[in-house]
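Please read these numbers as outputs of a predicted model, since none were measured by experiment. We number each residue from 1, following the sequence as shown.
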Amino acid sequence: MNHNEYLPFRSEIKEVIRHTDIEYTFRMAYHGDVKPGQFFEVSIPKFGEAPISVSGIREDSVDLTIRRVGKVTGEIFERYQGDSLFLRGPYGNGFDIGNFRGKELLVIAGGTGLSPVKGVVDYFSSHMEETKGMTLIAGFKTPKDILFLEDFGKWKQAMEVILTVDCADDDTACQIGLVTQYIPKLKLKNKEETTAIVVGPPAMMRFTTQGLLDIGLKEENIWISHERKMCCGIGKCGHCKIDDTYVCLDGPVFPFTKGRKLLD
């Protein structure tokens with residue numbers, strides 16, 4: 001039987017991992033190919049569905065990190081290990097690991113923007129021999145908003161990690177400041193050949209990519225995730241269309257040379 005991309009399938013919740021009061025990771029049973037940066041449509045009958053980026057990939061499961069912000073996600077938060085959700089996907093164009101092998105890689109993420117790129121960070125933290133060096137800069141509003149805190153300990157053993165918050169109490173172990181202020185301080189081996197991934201709120205991505213260009217990175221070596229108004233996931237509803245581009249089909253991952261032109 002051919003897979004029907006319109007039809008959701010039932011997936012068991014294997015684990016629920018709490019990060020903050022409003023952000024949990026749901027580890028969902030799944031067998032199949034999936035890339036970091038792709039997304040699933042998560043649904044509950046009678047409540048609707050929502051597009052959620054893949055934040056972790058395993059042999060028999062995928063991680064979906066969800067923020068409680070509305071009717072559908074609020075109902076999802078009432079589900080626990082052993083319950084089920086319905087999924088469609090994976091959809092979209094994800095991050096291709098091959099684009100970053102053998103190069104120095106810089107990942108800059110803001111807030112929940114760390115979720116879609118986490119799979120790339122996870123992969124190279126275990127395969128640093130496939131890079132010429134890697135730096136992660138991750139920024140959050142406060143220490144209480146930090147996602148994947150336990151993973152940062154593992155990542156720091158493999159790569160350079162800068163974890164920063166906008167504001168904090170005096171006893172915080174994090175650095176304080178916006179991610180952009182650390183860009184001029186980076187000690188990259190070869191800026192013209194360094195590849196970069198930038199994911200986060202639109203304003204953060206705009207100033208971050210400009211900061212990378214200012215220090216000498218090439219446009220064609222920068223990648224972004226442009227998650228904008230995605231709804232159906234299959235290019236039918238048109239909510240995410242910008243000019244001739246459907247973000248859910250052609251993205252949400254874009255090379256910056258294309259993504260910079262996608263303006264509302």
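Contact check on Glu219 versus Arg260 returns a salt bridge, with a Lys/Arg side-chain nitrogen under 4.0 Å from an Asp/Glu carboxylate oxygen. Under the 4.0 Å criterion applied to side-chain N and carboxylate O atoms, Lys141 and Asp166 are not assigned as salt-bridge partners. Classification of Asp250 and Lys258 as a salt-bridged pair fails, no side-chain N sitting under 4.0 Å from a carboxylate O.
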Go through the steps for Tyr30 and Asp60 under the test side chain to side chain contact (heavy atoms under 4.5 Å, CB included), then give the verdict. CA-CA 5 Å; Tyr30 179 74; Asp60 61 350; over 6 Å; no

Go through it in stages, so that I can follow the logic: the residues are Asp243 and Lys261, the test is salt bridge (charged side-chain N to carboxylate O under 4.0 Å, His left out), and I'd like the CA-CA distance, side-chain angles, deciding distance and then a yes or no. CA-CA 10 Å; Asp243 295 327; Lys261 301 174 185 177; over 6 Å; no

Trace of the side chain to side chain contact (heavy atoms under 4.5 Å, CB included) decision for Val107 with Leu136: CA-CA 5 Å; Val107 176; Leu136 168 65; 3.7 Å; yes

Check against side chain to side chain contact (heavy atoms under 4.5 Å, CB included), Ile52 and Phe26: CA-CA 11 Å; Ile52 306 295; Phe26 290 78; over 6 Å; no

Ile137 vs Leu186, side chain to side chain contact (heavy atoms under 4.5 Å, CB included): CA-CA, chis, key distance, verdict: CA-CA 10 Å; Ile137 305 176; Leu186 292 171; 4.0 Å; yes

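The CD atom of Glu75 sits 3.5 Å away from the CZ atom of Phe47 when rounded to the nearest 0.5 Å. Atom-to-atom distance recorded for Thr164:OG1 and Gln181:CD is 6.0 Å, nearest 0.5 angstrom. Atom CG of Asp63 sits about 11.0 Å away from atom NZ of Lys14, to the nearest 0.5 Å. Taking OG1 from Thr257 and NZ from Lys218, the interatomic distance works out to 13.0 Å, rounded to the nearest 0.5 Å. With rounding to the nearest 0.5 angstrom, the OG1 atom of Thr194 is 10.5 Å from the NZ atom of Lys103. From Thr209, atom OG1 reaches atom CD1 of Ile183 across 8.5 Å, with rounding to the nearest 0.5 Å.
For Glu150, the CD atom sits in a loose shell: 12 or fewer heavy atoms of surrounding residues, nucleotides or ligands are nearer than 6.0 Å. Counted within 6.0 Å of CG on Asp33, heavy atoms from surrounding residues, nucleotides or ligands total 12 or fewer; the atom is thus considered open. Under a cut-off of 6.0 angstrom, the local environment of NE2 in His127 is crowded, with over 12 non-hydrogen atoms contributed by other residues, nucleotides or ligands. Within a 6.0 Å sphere centred on CD of Glu129, other residues, nucleotides and ligands contribute more than 12 heavy atoms. No more than 12 heavy-atom neighbours from other residues, nucleotides or ligands sit within 6.0 angstrom of CZ on Phe207. The 12-atom threshold is exceeded at CD of Glu78, counting heavy atoms of other residues, nucleotides or ligands nearer than 6.0 Å. Other residues, nucleotides and ligands contribute only 12 or fewer heavy atoms inside 6.0 Å of the NZ atom of Lys132.
Ile22 and Ile17 fall into different hydrophobic clusters, where Ile, Leu, Val, Met, Phe, Trp and Tyr side chains are chained together by heavy-atom contacts under 4.5 Å. In terms of hydrophobic clustering, with Ile, Leu, Val, Met, Phe, Trp and Tyr side chains grouped at heavy-atom distances under 4.5 Å, Leu188 and Tyr182 are assigned to a common cluster. Grouping the Ile, Leu, Val, Met, Phe, Trp and Tyr side chains by contacts below 4.5 angstrom, directly or via other members, places Ile162 with Val179. Ile97 and Met128 fall within the same hydrophobic cluster, where Ile, Leu, Val, Met, Phe, Trp and Tyr residues are linked whenever their side-chain heavy atoms come under 4.5 Å apart, directly or through other members. Linking Ile, Leu, Val, Met, Phe, Trp and Tyr residues whenever their side-chain heavy atoms come within less than 4.5 Å leaves Met230 and Tyr246 in two separate clusters.
Neither side chain, Ser55 nor Ser115, offers a donor N or O lying under 3.5 Å from an acceptor on the other. Side-chain contact, Thr180 with Thr208: no donor N or O sits under 3.5 Å from an acceptor N or O. No donor-acceptor contact under 3.5 angstrom links the side chains of Tyr24 and Arg79, judged on distance only. Judged by distance alone, the side chains of Asp122 and Ser125 never bring a donor and an acceptor atom under 3.5 Å apart.
Across every non-hydrogen atom of Ser84 and Arg10, the tightest pair is CB-CG, 3.6 Å. Leu262 approaches His226 most closely through the heavy-atom pair O-NE2, 3.2 Å. Closest of all the heavy-atom pairs between Glu23 and Asp145 is OE1-O, 4.3 Å. Looking at every heavy atom in both residues, Gln81 comes nearest to Val16 through N-CG2, 4.0 Å. Contact detail for Cys231 and Cys237: the closest heavy-atom pair is CB-SG, 3.6 Å. Smallest separation of non-hydrogen atoms from Leu212 and Ala196: CD1-CB, 3.8 Å.
Classification of the Phe100-Phe95 ring pair by plane angle, with boundaries at 30° and 60°, yields tilted. Ring pair Trp155/Phe152 is perpendicular by interplanar angle, where above 60° counts as perpendicular and below 30° as parallel.
With a 4.5 Å cut-off on side-chain heavy atoms, Ile197 and Val199 count as touching. Arg88 has its side chain out of reach of Phe40: every pair of non-hydrogen atoms, C-beta onward, lies at least 4.5 Å apart. You'll find the side chain of Phe148 reaches within 4.5 Å of the side chain of Thr65, heavy atoms only. Side-chain contact between Leu163 and Phe140: present, with at least one pair of heavy atoms (C-beta onward) separated by less than 4.5 Å. Counting heavy atoms from C-beta on, the side chains of Met28 and Ser61 never come closer than 4.5 Å. When side chains are defined from C-beta on, Val198 does not count as touching Trp223, because their heavy atoms never get closer than 4.5 Å. Between Pro8 and Leu87, the closest side-chain pair of non-hydrogen atoms is not below 4.5 Å. Val42 places none of its side-chain heavy atoms less than 4.5 Å from the side chain of Phe86.
Checking side-chain atoms of Glu104 against main-chain N and O of Lys189 turns up a donor-acceptor pair under 3.5 Å. One N or O on the side chain of Thr131 and one on the backbone of Gly133 form a donor-acceptor pair closer than 3.5 Å. Judged by distance alone, the side chain of Asn221 and the main-chain N or O of Glu192 form a donor-acceptor pair under 3.5 Å.
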